[in-house]
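To keep things clear, I will list the structure first and then write my remarks on it.
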Number of protein chains: 2
Amino acid sequence: MFSAQCPSRSILDRITSRWGVLVLAALRGRVLRFSELRRTVEGVSEKMLAQTLQTLEREGFVRRTAYPVVPPRVEYALTPLGEEAAGLVVGFVQWAEQKAPEVLRARADYDARHR
Amino acid sequence: MFSAQCPSRSILDRITSRWGVLVLAALRGRVLRFSELRRTVEGVSEKMLAQTLQTLEREGFVRRTAYPVVPPRVEYALTPLGEEAAGLVVGFVQWAEQKAPEVLRARADYDARHR
DNA sequence: CGGAATCCCTGGGGATACTG
DNA sequence: CAGTATCCCCAGGGATTCCG
């Protein structure tokens, strides 16, 4: 079907990465500045936010717009492709949230049987 | 929406992990033994396969059946929940494969502009 | 404000060898 | 055959500092 190192695998990795998911979700349908993203995506370090945004921009999911003013003003938004990806990710998350009780039960079960 | 450390996040992590994706895809609609999985999922080490299967079983995605014979015979199959997860994952992969050209173009573009 | 650069450290994951 | 146990390594990610 597809192996561990092929284009689509790397695309998945970006999208489903720890911060990639959160950034995509945060940018759905709106435009945010760097510091706004930093506040919205709780727990992200500056380094990882910058890195994540760069990667997402490179993959064509995020559009970065820098205004030549001082102090600097940079805005981030999703491209159409990015909106699509974000939609998929959010769908996935909602599925996971819906199934969370079932998974937690399975875990408790497993732990009880394998103690 | 959801933060970096919450139940649904950990569920996502399992499913979208490097080998989690491949194992789920491999088990879709069929039953495989350990060594069959090892051959199907190219490049996986024994350790990672065992670890991945354990985790997926604990989350309730995989059902493990051991037959008390010698030599040992162990079969792995997806639970209904696992089939659902596998379906989502495969959908995701197909989307990624379909969009791969677009992403590759975006990358080339980005690299050209940022030298 | 929006990053880039640096240092540091942890744990995910590979290779190998051994066991029931 | 189906794993467990052990060792080892390095890339991913945090904290901090500096720059335009």
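Lettering follows sequence order; numbering is per chain, from 1.
We find that B:Arg9 and B:Asp13 are joined by a salt bridge, their nearest charged nitrogen and carboxylate oxygen being less than 4.0 Å apart.
Between A:Leu49 atom CG and C:dC1 atom C1' there is a gap of 13 Å when expressed in whole angstrom units. Rounding to whole angstrom units, CH2 of residue B:Trp19 and P of C:dG13 are separated by 9 Å. Taking atom CE of A:Met48 as the reference point, atom P of D:dA11 lies 15 Å away to the nearest angstrom.
Taking every heavy atom of residues 30-39 of chain A and every atom of DNA chain D, no pair lies under 4.0 Å. The stretch residues 50-78 of chain B comes close to DNA chain C through B:Pro72, each having a heavy atom under 4.0 Å from the strand.
The nucleotide whose nearest atom lies closest to any side-chain atom of A:Lys47 is, among D:dC7, C:dA5, C:dA4, C:dA5.
Through direct or relayed side-chain contacts under 4.5 Å between Ile, Leu, Val, Met, Phe, Trp and Tyr, A:Val69 connects to A:Tyr67. The hydrophobic side chain of B:Val31 is isolated, with no ILVMFWY side chain under 4.5 Å apart from it.
Every residue meeting the side chain to side chain donor-acceptor pair (under 3.5 Å) condition with B:Arg107, not counting sequence neighbours, appears here in chain and number order: A:Ser10, A:Glu59. Among residues two or more places apart in sequence or in another chain, the ring pair (Phe, Tyr, Trp, His ring centres under 6.0 Å) test is passed with B:Phe92 by A:Phe92.
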Quick one: side chains of residues 16-26 of chain B, donor-acceptor pairs under 3.5 Å with protein atoms, not counting sequence neighbours, listed by atom name and distance.
| residue | atom | partner | partner atom | Å |
| --- | --- | --- | --- | --- |
| B:Thr16 | OG1 | B:Leu12 | O | 2.8 |
| B:Ser17 | OG | B:Arg14 | O | 3.0 |
| B:Ser17 | OG | B:Gly20 | N | 3.0 |

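Here salt bridge (charged side-chain N to carboxylate O under 4.0 Å, His left out) pairs that include residues 85-96 of chain B, with residues two or more places apart or in two chains, number zero. Identified under the salt bridge (charged side-chain N to carboxylate O under 4.0 Å, His left out) test for residues 33-42 of chain A, with sequence neighbours left out: A:Arg38-A:Glu46. Annotation: salt bridge (charged side-chain N to carboxylate O under 4.0 Å, His left out) contacts involving residues 61-72 of chain A, sequence neighbours excluded, are absent. For residues 49-58 of chain A, the salt bridge (charged side-chain N to carboxylate O under 4.0 Å, His left out) pairs, not counting sequence neighbours, are A:Arg58-B:Asp111.
Each end of the helix from C:dC1-D:dG20 to C:dG20-D:dC1 gets its own axis, taken as the rotation carrying the C1' atoms of four end pairs onto the next four within a five-pair window, and the two axes meet at 40° to the nearest 10 degrees.
Between B:Arg18 and C:dG14 there is a side-chain N or O to OP1 or OP2 distance below 4.0 Å.
Relative ring orientation between A:Trp95 and B:Phe61 is described as parallel, the plane-to-plane angle staying below 30° on a 0-90° scale split at 30° and 60°.
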